[in-house]
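Scroll down for the structure; my scribbles are underneath it.
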Amino acid sequence: QVQLVESGGGSVQAGGSLKLSCVMSGDPLTRGWIAWFRQAAGKEREGVAVIGISNGNTYAADSVKDRFTISQDNAKNMVYLQMNNLQPADTATYYCAARSGPLGMTWMRKPDDFSIWGQGTQVTISS
């Protein structure tokens, strides 16, 4: 059974950077997709970035694609989210999630399509 554990959250000022990490343990997936979602207080969970486990293809939400970069180290079963120029609107709990099947075009709005989730890590940006 696959387990995901996030780390790297924290509090920074606007304009700062953070790098989130997600380690996949248990019986790691060799195919499928790993995504970062975030959920701010009172808002729906939204997809931020996703990476193909086997092909390394990446996609990111328009709101972050110029500031956030998703990457992976398959040898370590790790997925990262480098976040630069953070803004107060980026404040949220960030989750790592995985699915073994194909990725739909609307993946960012369909967190239920991802069956494996981490516990989340809090990111707080102050102005």
Could you tell me if the side chain of [Y] sits less than 4.5 Å from the side chain of [X], heavy atoms only?
X	Y	answer
Leu4	Tyr95	no
Val123	Met83	yes
Phe68	Asn84	no
Gln82	Ser17	yes
Ile51	Asn57	no
Tyr80	Lys19	yes

Does the Glu6 side chain pair with the main chain of Cys96, one donor and one acceptor, at a distance under 3.5 Å?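 Judged by distance alone, yes, a pair lies under 3.5 Å.
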Between Thr91 and Ile125 (side chain of the first, backbone of the second, donor and acceptor by atom type, cut-off under 3.5 Å), is there such a pair?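 Checked: pair present.
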Test log, rule side-chain contact (heavy atoms from CB on, under 4.5 Å), inputs Gln1 and Asp27: CA-CA 5 Å; Gln1 186 169 349; Asp27 187 13; over 6 Å; no
Would a single hydrophobic cluster contain both [Y] and [X], if residues Ile, Leu, Val, Met, Phe, Trp and Tyr are joined by side-chain heavy-atom contacts under 4.5 Å?
X	Y	value
Leu20	Met78	no
Leu18	Ile70	yes
Val23	Val79	no
Trp36	Val2	yes
Ile34	Leu81	yes

Looking at CG of Leu29 and CG of Asn74, how far apart are the two atoms once the value is rounded to the nearest 0.5 Å?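 If I round to the nearest 0.5 Å, the distance is 11.0 Å.
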From Lys65 NZ over to Tyr59 OH, what is the distance, rounded to the nearest 0.5 angstrom?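 Here the interatomic distance stands at 13.0 Å.
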Quick check with a 6.0 Å cut-off and a 45 degree axis cone: is Arg45 positioned over the face of Trp117's six-membered ring?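 Yes.
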Give me the ring orientation class for Trp107 and Phe114: parallel if the planes are under 30° apart, tilted from 30 to 60°, perpendicular past 60°.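 Ring orientation of Trp107 relative to Phe114: perpendicular.
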Indicate the atoms forming the closest heavy-atom contact of [X] with [Y], along with that distance.
X	Y	answer
Val64	Ala60	CG2-CB, 4.4 Å
Ile53	Trp33	CD1-N, 4.0 Å
Pro88	Ser127	CG-CB, 3.9 Å

Could you note down all residue pairs passing salt bridge (charged side-chain N to carboxylate O under 4.0 Å, His left out) where residues 31-40 supplies at least one of them, sequence neighbours left out?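 For residues 31-40, and leaving out neighbouring residues, the salt bridge (charged side-chain N to carboxylate O under 4.0 Å, His left out) pairs sorted by first residue read Arg38-Glu46, Arg38-Asp90.
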Which residue pairs pass the salt bridge (charged side-chain N to carboxylate O under 4.0 Å, His left out) test with at least one member in residues 107-127, sequence neighbours excluded?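 Listed by first then second residue: nothing to list.
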Distance only, no hydrogens: is a donor on one side chain within 3.5 Å (strictly under) of an acceptor on the other, for Gln122 and Thr93?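 Result is yes, a qualifying pair exists.
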Residues that Tyr94 engages under ring pair (Phe, Tyr, Trp, His ring centres under 6.0 Å), provided they are two or more places apart: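 Partners of Tyr94 under the ring pair (Phe, Tyr, Trp, His ring centres under 6.0 Å) test: none.
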